[in-house]
Protein chains: 2
Amino acid sequence: MATVLLFVAMPDYDGAVTQATNSGAATVPTRRGRGEKSSPTIYDIAKLAGVNPSTVSRALSKPGRVSAKTQKIIEDAAEQLNYRVNPFARALPTGRTQTIGLIVADITNPTFFDIIRGAETTGSARDYTLVLAESAESPETELTAARRMLSTVDGLILASPRMDDEQIRALASDKPVAVINREVDGVPCVVPDVNKGISQAVRSLAANGHHQLAFVAGPPLSWMSRRRWEGVQAACDWYKLGAVRLESSKPTVDGGRQAARDVLGSGATAVITYNDLLAIGLMQELQAAGVRVPDQISIVGFDDIFGADFTTPALTTVRSPLGECGSRAAALLLDMFLGNEGPVGVVRVDTELVVRGSSGRLIA
Amino acid sequence: MATVLLFVAMPDYDGAVTQATNSGAATVPTRRGRGEKSSPTIYDIAKLAGVNPSTVSRALSKPGRVSAKTQKIIEDAAEQLNYRVNPFARALPTGRTQTIGLIVADITNPTFFDIIRGAETTGSARDYTLVLAESAESPETELTAARRMLSTVDGLILASPRMDDEQIRALASDKPVAVINREVDGVPCVVPDVNKGISQAVRSLAANGHHQLAFVAGPPLSWMSRRRWEGVQAACDWYKLGAVRLESSKPTVDGGRQAARDVLGSGATAVITYNDLLAIGLMQELQAAGVRVPDQISIVGFDDIFGADFTTPALTTVRSPLGECGSRAAALLLDMFLGNEGPVGVVRVDTELVVRGSSGRLIA
DNA sequence: GACAATCTGTCAACCGGTTGCCATCTATTG
DNA sequence: CAATAGATGGCAACCGGTTGACAGATTGTC
């Protein structure tokens, strides 16, 4: 299992008083040859400021606990010494690590990229570090990773979890947990509302003369794959299109190529895939087989990942605001850290159709 | 500044005895409601095994320091309690954090993805966590990030650094540092040898009837951009092609689009770009302007990133073994951790041309 | 069997912050 | 002016491992 840690932002020393004067030359004060004594500690500050170390600790982390005068003296001393808290020393007694865990199915999948970015940005704003781990689409690996992480982080974000609702709730009973791309009772979730985007896609396809649509599904354990299929079915019902569901071996470009055969066999003239990777692979394979896109078959992906507009024709896709999902999930966690048990409901974000060249009028 | 931490692999408790028996049910032994007492400690093990905590510590981290018998007893106890070391507690007295820092110019640039992967995989094998930070192409940001990271990691990898050689050496005098995509005297470096790949590219272009070539450069501070341009010049000399160097505003798809105008103005029929992102943007813009690729203009990128084969035609590119670079750099660091000051020379890895559809015979 | 060399486990100090409790000191009020 | 509440700083214990120093046990040697 691979785990990635996104060190979002290292606070100057505590997130307070962030303005560091660039007064002197840009020299590092403590230049030590080998591995001798390292950075200044609160004890050094205490000595310099003529107070007790505990007072320094309070001045730097408990706003208002010390008098304004002492506060100032200590802050000056801290700045003079170029003090940085030792995160390990802080984490030891408190258990607070200033980190948020994020588990994704596959680090190399660009879909997760925006989620990571979003979570990182929001965490960063509050001096939280993001730790990434990978589940490789396996519920077991995911659970193991989650358990291990949980001891090291203050909270956990699960992007597209593959494990049971029950297991997720168990984790959530231990530390704050937020879920993306899935609804789990009793756990705060951030879920793109696919209906709008799917409606737009199917309406557009119907308007372009399509009558039979195929949906290439994602991983069987993916809640979101089921959800998208339901959305496609509902929209097809409404717009009077036939809809058929096809399996994919894996939610990648390669999986998309492999699905081409089934798509052709299905007789559908329009395809919506579980994600963009599948759409791209499918388009490549169809074009290689001489099928013209979109003249003969229209293709619509999901997510609008990096590279979706590299293809010719560029990929039409239902964009999920992945960055917002990551950001919202992180915000939920940050909220819970503050003690707000708050609403554990579902946060919904909107999806929208991005029309590019891979979908269009059916030329019979 | 954004910093990402790649938590590569969390060892079972110390990397030794990794087989965890899945004996009982999959219940978490310490189920605590709120934030009560957490995981088992070496003190718990000591009590259970009837020895002193320090003996437990030694048994778990200093192989051979305790008798085989005691070792066994302690390991059994540790397993029974499902013990995991507390990384914070360990880092505090030792300073060893089991982490490697990696600074890249841009987290969203897929070029760095393979480097990250490579470093992560290699670090992972030795139970090291990877910490990522972003420099946003700024030497100042990079230096700040590097300084901050340095106090938290055991060693640092700089992928495509933008700061001075001098600054890099200063960092390296503090803790182990390895550099990728650049040569810095006195610091271990991993550098793709671009000559082979460029030679292949230029030879192939010459053979296809091209006489005038343009190189679209990358960031001015990029050592590798200069190096590639030198390689292109040398190869063009050899194969008797004219070569002209064009600037780009930024090394992205957008920068590539903007460069299209200059490319057309240069009269070149073949283009090599600093990286694939530029090549893709350039190709999009040229095609939009009605230029046929590769019939009128051949395009060759650099790196072979994710998505390079999404385009139509697929992108011909000089592949750098980025994954290997990351992996090698991490290996260098791990070596230095073991006390091997070793050779601080340059590790060279090979590049090769990947011929796809965007380059070919010039059709006048 | 006496004595040295080697093993093995224990003691205690330490890493650098945090925090409950208490002693002062100051300010407010009667 | 005395009594009292609140603000402020100090003391010391603690978080969970690590490690140098040392003593007791074991083994080997002559």
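Any value given below was found using the heavy atoms of this structure, including those in side chains, with hydrogens, waters and symmetry copies removed. Lettering of chains follows the sequences in order, A, B, ..., and the numbering in each one begins at 1.
Counting all heavy atoms, side chain and backbone alike, A/S327 lies closest to A/T122 at OG-OG1, 2.6 Å. In terms of heavy-atom proximity, B/K175 sits nearest to B/L150 at NZ-O, 2.6 Å.
In the model, B/N82 has a side-chain atom that pairs as donor or acceptor with a side-chain atom of B/R84 under 3.5 Å. Donor-acceptor pairing under 3.5 Å is recorded for the side chains of A/S67 and A/T70.
Among the heavy atoms of the strands lying under 4.0 Å from B/T55 is at least one base atom, whether or not backbone atoms are also near. Counting non-hydrogen atoms under 4.0 angstrom, A/V56 reaches nothing in the nucleic acid. Using a 4.0 Å heavy-atom cutoff across all strands shown, B/F88 reaches no nucleic acid atom at all.
When the side-chain nitrogen and oxygen atoms of A/S67 are compared with OP1 and OP2 of D/dG9, one or more of them lie within a distance under 4.0 Å. Put simply, B/S61 has no side-chain N or O that comes within less than 4.0 Å of OP1 or OP2 on D/dG17.
The B/Y43 side chain lies nearest to D/dG16 when the options are D/dG16, D/dG9, C/dG17. Side-chain atoms of B/N86 lie closest to D/dG16 of the nucleotides C/dG17, D/dG16, D/dG10. The side chain of A/T70 lies closest to D/dT8, out of D/dT8, D/dG16, D/dT19. Comparing C/dC11, D/dC15, D/dG16 by their nearest atom to the side chain of B/R58 picks out C/dC11.
Side-chain to base pairing of B/S54 with C/dC11: one donor and one acceptor N or O lie within less than 3.5 Å of each other. The base of D/dG9 is paired with the side chain of A/R65 by a donor and an acceptor separated by under 3.5 Å. With hydrogens and angles ignored, no donor-acceptor pair closer than 3.5 Å exists between the side chain of A/T94 and the base of D/dC15.
Between B/I42 atom CD1 and D/dC14 atom P there is a gap of 16 Å when expressed in whole angstrom units. Put simply, CG on A/L60 is 15 Å from C1' on D/dG9, counting in whole angstrom units. Separating the NZ atom of B/K62 from the C1' atom of D/dG20 is a distance of 11 Å, rounded to the nearest angstrom.
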